[in-house]
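Please read the structure below before turning to the comments.
Along the sequence shown, residues are numbered consecutively beginning with 1.
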Amino acid sequence: LSPIAGQTLIAGQTLMVTNAATDPVLPSQSLTFSLLAGPAGMTVNSTNGILTWRPAMAQSPSTNLVTVQVADNGSPSLSATQSFQVTVTTPAVPTFAALQLTGGVFSMHVNGSIGPDYYLQSATNLTPPVTWLPMQTNFSATPPFLFTDPSATNFNQRFYRVILGP
């Protein structure tokens, strides 16, 4: 099993690591990959060794030890393991730019990190308990992106916020 370099990514981005392994025994034997240690939500494909993980916001910031094993189907079965670290950083706080109200349509650009999901919500007042209503979701967004609210003028006032996910 080839060594695996340490990885760093932003929460919400997808990590994909291709594990490479060889078995010098002839005839060729089938290899099976498994994840011995890793954070919640991480998986490894048992047949091709591809490891994937999309860390949630709650998993940042963190440093995670990951251990992958490959085993052959020989008798006796032989195996090898490799460990590496995955560092998850916190995405940038979303910001708004170019706010406009044109022809009764409110629009703004949302800036932030590439990768997380952006959940845009609105409320008509900020008196607790505030009821935030979903407006738009941009999955694995690539900011900046444009948000428009064509019904903004239907309200005396409207507040907006962005929640990052997953």
Between L1 and F33, does a side-chain contact (heavy atoms from CB on, under 4.5 Å) hold up when you go through it step by step? CA-CA 10 Å; L1 181 58; F33 294 87; 4.0 Å; yes
**OP:** Sort out for me which residue in D149, T153, N154 forms a side chain to side chain donor-acceptor pair (under 3.5 Å) with S151.
**Re:**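 Only one option passes, and that is D149.
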Check whether any side-chain heavy atom of [X] sits under 4.5 Å from a side-chain heavy atom of [Y], and report yes or no.
X    : Y    : answer
M108 : L120 : yes
Q82  : S2   : no
N125 : Q157 : yes
P94  : L164 : yes
L146 : S107 : yes
I50  : V44  : no
Q7   : V17  : yes

Write down the atom of [X], the atom of [Y], and the distance for their closest heavy-atom approach.
X   : Y   : value
A56 : A11 : O-CB, 3.7 Å
P39 : Q59 : CB-NE2, 4.2 Å
S60 : T90 : OG-OG1, 3.4 Å

Do [X] and [Y] belong to the same hydrophobic cluster, where Ile, Leu, Val, Met, Phe, Trp and Tyr are linked whenever their side-chain heavy atoms lie under 4.5 Å apart, directly or via other members?
X    : Y    : answer
V88  : L35  : yes
M57  : L15  : no
I10  : F84  : no
L99  : V110 : yes
M135 : I163 : no

Strictly distance-based, threshold 3.5 Å: is any side-chain N or O of [X] a donor or acceptor partner for the main-chain N or O of [Y]?
X    : Y    : answer
N138 : A141 : no
Q13  : I114 : yes
Q29  : D72  : no
N64  : G38  : no
R161 : Q121 : no

| query | Can the ring centroids of Y118 and F145 be said to lie less than 6.0 angstrom from one another? | reply | yes
Next item on the list: Check the pair T32, T47 against side-chain contact (heavy atoms from CB on, under 4.5 Å), reporting the backbone distance first and the verdict last.
Entry: CA-CA 6 Å; T32 302; T47 56; over 6 Å; no
As a test of understanding, state which of T8, L65, T63, L9 forms a side-chain contact (heavy atoms from CB on, under 4.5 Å) with V86.
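Result: among T8, L65, T63, L9, L9 is the only option passing the side-chain contact (heavy atoms from CB on, under 4.5 Å) with V86.
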**OP:** Check step by step if side-chain contact (heavy atoms from CB on, under 4.5 Å) holds for M42 and V66.
**Re:** CA-CA 9 Å; M42 182 176 279; V66 177; 3.7 Å; yes
Step-by-step side chain to side chain donor-acceptor pair (under 3.5 Å) determination, S122 to R158:
CA-CA 7 Å; S122 69; R158 199 155 197 192; 3.1 Å; yes
Please determine whether side chain to side chain donor-acceptor pair (under 3.5 Å) holds for the pair T52 and T43, giving the CA-CA distance in whole Å, both sets of side-chain angles, and the decisive distance to 0.1 Å. CA-CA 6 Å; T52 56; T43 61; 3.1 Å; yes
(message) Distance alone, cut at 3.5 Å: any donor-acceptor contact between the side chains of T67 and S83?
(response) yes
TODO: Might you confirm whether atom CG of N156 has over 12 heavy atoms from other residues, nucleotides or ligands at distances under 6.0 Å?
DONE: no
Test side-chain contact (heavy atoms from CB on, under 4.5 Å) on F96 and V162 and set out the steps. CA-CA 10 Å; F96 305 114; V162 174; 3.4 Å; yes
Once the angle between the rings of Y160 and F106 is folded into 0 to 90°, is it parallel (under 30°), tilted (30 to 60°) or perpendicular (over 60°)?
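The arrangement is parallel - the two ring planes meet at less than 30°.
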One should read off an interatomic distance between S79 OG and L31 CG, to the nearest 0.5 angstrom, of 11.0 Å
